> 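Structure in structure tokens, see below.
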Amino acid sequence: DWDIVDEDEILELSGSTSSAAASAFASGLGRSGGLNTSTASIDDFRDALRPMIVYFAIMDQLSNDFVLSLDDVQVNEFASRLVEVIGDCQSCKSIHELLRKARVNLDNDEIMEELQKGMMAA
């Protein structure tokens with residue numbers, strides 16, 4: 001149902017998404033419908049990636065702090081650190097800064113490959 005065959009069809013979708021996002025998406029697709037990594041960059045997909053990266057940072061902080069038995073003081077400390085992580089993520093001015101602050105250990109090419117896999121699976 002969601003297969004997009006050509007760039008014209010993508011641009012028709014721009015009514016439901018921002019035209020900049022539709023254009024970036026269209027320019028990133030190759031003839032086969034796959035991501036054209038020679039023209040698409042991580043900057044083209046920053047708006048789509050941002051929530052996932054913030055979620056990763058949140059889960060990373062939660063997993064770092066987690067212990068089975070927590071007292072109220074520890075819960076308060078952990079919550080404060082979590083709020084700090086979210087604030088740090090929200091203050092990032094670029095996707096590259098966000099990736100560094102979230103401690104994402106993949107380089108941009110690996111992220112683009114994973115994005116393409118997800119787009120093909122959808």
Side-chain angles (χ1 to χ4, degrees):
D1 291 345
W2 291 95
D3 291 339
I4 296 175
V5 178
D6 59 37
E7 291 180 13
D8 292 334
E9 195 172 346
I10 293 168
L11 296 176
E12 288 174 18
L13 296 174
S14 64
S16 62
T17 60
S18 75
S19 59
S23 297
F25 190 73
S27 68
L29 289 180
R31 292 257 180 225
S32 65
L35 192 60
N36 183 351
T37 54
S38 65
T39 59
S41 76
I42 198 162
D43 294 303
D44 296 323
F45 297 95
R46 68 185 180 274
D47 294 336
L49 290 169
R50 180 176 278 276
M52 292 181 275
I53 296 167
V54 173
Y55 179 73
F56 174 84
I58 290 168
M59 296 309 294
D60 187 49
Q61 186 62 47
L62 287 172
S63 67
N64 285 336
D65 285 343
F66 180 77
V67 292
L68 285 176
S69 57
L70 296 174
D71 61 26
D72 290 343
V73 173
Q74 288 174 310
V75 169
N76 191 30
E77 290 170 1
F78 295 169
S80 294
R81 281 200 290 271
L82 190 57
V83 168
E84 186 178 325
V85 166
I86 294 168
D88 287 347
C89 289
Q90 289 179 332
S91 70
C92 291
K93 302 294 183 210
S94 72
I95 191 71
H96 304 285
E97 181 183 0
L98 178 59
L99 289 166
R100 280 190 303 276
K101 288 207 176 179
R103 298 186 306 237
V104 174
N105 294 327
L106 297 174
D107 66 27
N108 291 351
D109 291 335
E110 290 173 309
I111 293 170
M112 293 299 288
E113 287 173 22
E114 293 299 323
L115 180 61
Q116 181 177 10
K117 288 177 189 175
M119 289 170 33
M120 295 311 232

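The structure presented is a predicted model; accordingly, all values stated were derived computationally and were not measured. Quick note: residue numbers are just sequence positions, from 1.
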> Using 4.0 Å as the upper bound for N to carboxylate O, is an ion pair formed by Glu114 and Lys117?
yes
> Determine the minimum heavy-atom distance between Cys92 and Arg50, stating which atoms define it.
O-NH2, 3.4 Å
> Check for me, please, whether Ile95 and Leu115 land in the same ILVMFWY cluster - side-chain distances under 4.5 Å, paths through other members count.
yes
> Is the number of heavy atoms from other residues, nucleotides or ligands within 6.0 Å of CG (Asp71) greater than 12?
yes
> Identify whether Met119 and Ile111 are in the same connected component of the hydrophobic contact network (ILVMFWY, side-chain heavy atoms under 4.5 Å).
yes
> To the nearest 0.5 Å, tell me how far Cys89 SG sits from Glu97 CD.
10.0 Å
> When you measure from the side chain of Arg81 to the backbone N and O of Leu62, does any donor-acceptor pair fall under 3.5 Å?
no
> Are Ile58 and Leu70 in one and the same hydrophobic cluster, where Ile, Leu, Val, Met, Phe, Trp and Tyr link if side-chain heavy atoms are under 4.5 Å apart?
no
> Just verifying a value: how many Å separate Ser41 OG and Asn108 CG, rounded to the nearest 0.5 Å?
8.0 Å
> When you measure from the side chain of Glu110 to the backbone N and O of Asp107, does any donor-acceptor pair fall under 3.5 Å?
yes
> Consider only side-chain heavy atoms of I, L, V, M, F, W and Y, link residues closer than 4.5 Å, and tell whether Phe45 and Ile53 are in one cluster.
yes
> In Å, rounded to the nearest 0.5 Å, how long is the span from CE of Met112 to CD1 of Ile42?
7.0 Å
> Might you point out which heavy atoms bring Arg103 and Asp60 nearest each other, and give the distance in Å?
NH2-OD2, 2.6 Å
> For residues Asp88 and Lys101, report the shortest heavy-atom separation together with the two atoms involved.
O-CD, 3.9 Å
> Can you measure from CG (Leu82) to CD1 (Ile86) and round to the nearest 0.5 angstrom?
4.5 Å
> Are Phe56 and Val83 connected in the hydrophobic side-chain network, where two residues link if heavy atoms are under 4.5 Å apart?
no
> Looking at side-chain heavy atoms only, is the closest gap between Asp43 and His96 below 4.5 Å?
yes
> Would a 4.5 Å heavy-atom cut-off, applied to side chains only, mark Phe78 and Gln61 as touching?
no
> Between Val85 and Val54, is a side-chain contact (heavy atoms from CB on, under 4.5 Å) present by the stated rule, with each step listed?
CA-CA 9 Å; Val85 166; Val54 173; over 6 Å; no
